[in-house]
Asks: 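Quick one: the structure is below, and I'll ask about it shortly.
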Amino acid sequence: MAVCVQVDDFDLSAEMALMTAGRADIGALVSFTGLVREINGGGGMELEHYPGMTEKALQKIEAEARSRWDLQDCRIIHRYGPLEAGAQIVLVLTASKHRQMAFEAAEFIMDFLKSRAPFWKKESGRGWVDARESDEAALARWKAGITKT
Amino acid sequence: MAVCVQVDDFDLSAEMALMTAGRADIGALVSFTGLVREINGGGGMELEHYPGMTEKALQKIEAEARSRWDLQDCRIIHRYGPLEAGAQIVLVLTASKHRQMAFEAAEFIMDFLKSRAPFWKKESGRGWVDARESDEAALARWKAGITKT
Amino acid sequence: MNVLYFAWLRERIGLPKEELETKASTVADLVEELRGRAPRYQAAFADMSAVRVAVDQELVELDAPLAGASEVAFFPPMTGG
Amino acid sequence: MNVLYFAWLRERIGLPKEELETKASTVADLVEELRGRAPRYQAAFADMSAVRVAVDQELVELDAPLAGASEVAFFPPMTGG
């Protein structure tokens with residue numbers, strides 16, 4: 001399934017139903033959903049992205065995950081535009097025969113999305129969100145083609 | 001939220017909506033859904049469990065996860081009884097501020113569910129499923145109170 | 001004392017549950033006692049490395065004491081999730 | 001060549017995109033050239049350790065060549081997910 005960069009919200013159960021329809025070879029589904037956290041009473045953010053490059057970056061991340069793990073399927077949805085506190089930002093959904101592959105692939109995709117996909121968050125009343133050093137560090141564990149464990 | 005051992009199916013989006021209702025302090029939601037895989041054209045299985053002990057074991061696993069990670073919430077649903085190929089077996093849903101805690105807690109819970117919760121799978125036409133050595137091995141990484149990474 | 005059997009132990013022994021009077025002081029003693037009752041128990045308990053035990057719904061080792069226990073369960077390695 | 005700016009680089013420079021004729025041979029040369037145009041570019045490019053670059057939508061280093069490039073983008077470290 002393709003990656004998707006969109007303003008609209010998404011529904012995890014619907015995505016999962018699409019992924020599993022007509023097949024029974026999937027044993028494990030792992031999802032990650034990122035939400036807008038309310039910080040010190042501040043609400044919402046604006047998510048800017050780089051149209052064109054974003055889609056390419058997500059496709060590259062997905063292809064890399066599929067080359068590293070034996071995935072039955074994989075889905076990435078990332079929203080942009082104005083997002084209220086509590087809103088869904090991102091969905092990563094991975095399907096595999098056994099749980100470890102689905103978990104690792106979802107973590108891998110999230111680690112790359114965090115600091116290698118061209119998105120920028122601006123929190124209402126607080127300005128641009130700084131990149132976290134821990135996100136850059138998280139990438140290091142996937143280096144050299146080895147899996148985490 | 002409580003753990004649940006039930007015959008009925010579950011809906012991930014509904015569980016997620018319950019978990020996030022009225023709050024905006026959750027930044028990361030990780031779900032694991034286990035499905036009945038069809039093996040060599042064989043369909044379905046019967047899941048036996050130990051009423052009483054199962055609930056205790058799940059509660060213990062949940063409490064242990066909450067003590068190791070700073071979770072906003074945690075939900076475990078495990079079905080039993082007859083399950084067709086493609087059916088959902090288990091749901092683990094974890095909520096935290098940042099993604100790593102939610103991922104690790106969900107993996108931890110699944111590793112324990114696999115070989116420390118009193119469930120037994122009997123596949124239609126194939127008999128009782130053997131425990132996998134890799135599942136026992138997976139438990140070892142959580143020993144000594146250290147987290148995985 | 002209630003003794004419970006699950007999965008293929010239940011099938012081999014032919015019942016899910018029974019009430020026993022026993023003086024066995026450990027799980028291992030109880031297994032010996034059960035083996036003496038009938039061949040189907042011998043079949044069920046032939047390879048104890050494939051048997052797990054819970055006393056009062058807590059996983060224990062074979063040498064666990066039975067003093068005060070009201071429920072003992074025997075079953076194969078668990079395959080949940 | 002199209003030059004794009006995102007997030008606070010876009011805000012400091014005051015526009016999201018411009019078309020430039022340049023003879024700069026690397027990204028670093030282009031940055032030097034832009035700095036010479038107006039103080040707002042100097043402000044945007046004051047600390048290049050906080051700036052990331054993509055040439056034709058691929059992340060590159062500052063010393064990357066511009067030969068044949070049709071689109072260069074400047075932006076802060078990414079904060080997706």
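Letters A, B, ... mirror the listed sequences (proteins, then strands); counts begin at 1.
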Asks: With a 4.5 Å heavy-atom cut-off, do M78(D) and F119(A) have their side chains touching?
Replies: no
Asks: Please state whether the side chain, the backbone, both or neither of A7(D) comes within less than 4.5 Å of a heavy atom of chain A.
Replies: both
Asks: Using 4.0 Å as the upper bound for N to carboxylate O, is an ion pair formed by E58(D) and K56(A)?
Replies: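 Here K56(A) does not pair with E58(D) in a salt bridge, since their nearest N and O are not under 4.0 Å apart.
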Asks: What residues of residues 78-97 of chain A sit under 4.5 Å from chain D when only non-hydrogen atoms are counted?
Replies: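 Under the 4.5 Å heavy-atom cut-off, H78(A), I89(A), V90(A) qualify.
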Asks: Testing the basics here: between W120(A) and P76(D), what is the closest heavy-atom pair and its distance to 0.1 Å?
Replies: NE1-O, 2.9 Å
Asks: In terms of ring plane angle, is the pair F75(D) and Y50(A) parallel, tilted or perpendicular, where the classes change at 30° and 60°?
Replies: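 Rings of F75(D) and Y50(A): perpendicular, over 60°.
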Asks: Chain D: which of G34(A), S115(A), A57(A) shares the most heavy-atom pairs with it under 4.5 Å?
Replies: S115(A)
Asks: Taking the side chain as every heavy atom from C-beta outward, state whether T79(D) and K114(A) have any atom pair closer than 4.5 Å.
Replies: no
Asks: Tell me the residues of residues 126-133 of chain A whose non-hydrogen atoms fall below 4.5 Å from those of chain D, in number order.
Replies: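 The stretch touches chain D at W128(A), V129(A), D130(A), A131(A).
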Asks: What's the verdict on side chain to side chain contact (heavy atoms under 4.5 Å, CB included) for E71(D) and M53(A), showing C-alpha distance, side-chain angles and the deciding distance?
Replies: CA-CA 11 Å; E71(D) 186 172 299; M53(A) 180 171 167; over 6 Å; no
Asks: So which part of R52(D) gets closer than 4.5 Å to some heavy atom of chain A, the side chain, the backbone, both or neither?
Replies: neither
Asks: Does any heavy atom of chain D fall under 4.5 Å from the side chain of K122(A), the backbone, both, or neither of them?
Replies: side chain
Asks: Check this for me: E61(D), atom CD, are more than 12 non-hydrogen atoms of other residues, nucleotides or ligands nearer than 6.0 Å?
Replies: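 At most 12 heavy atoms, drawn from other residues, nucleotides or ligands, come within 6.0 Å of this atom.
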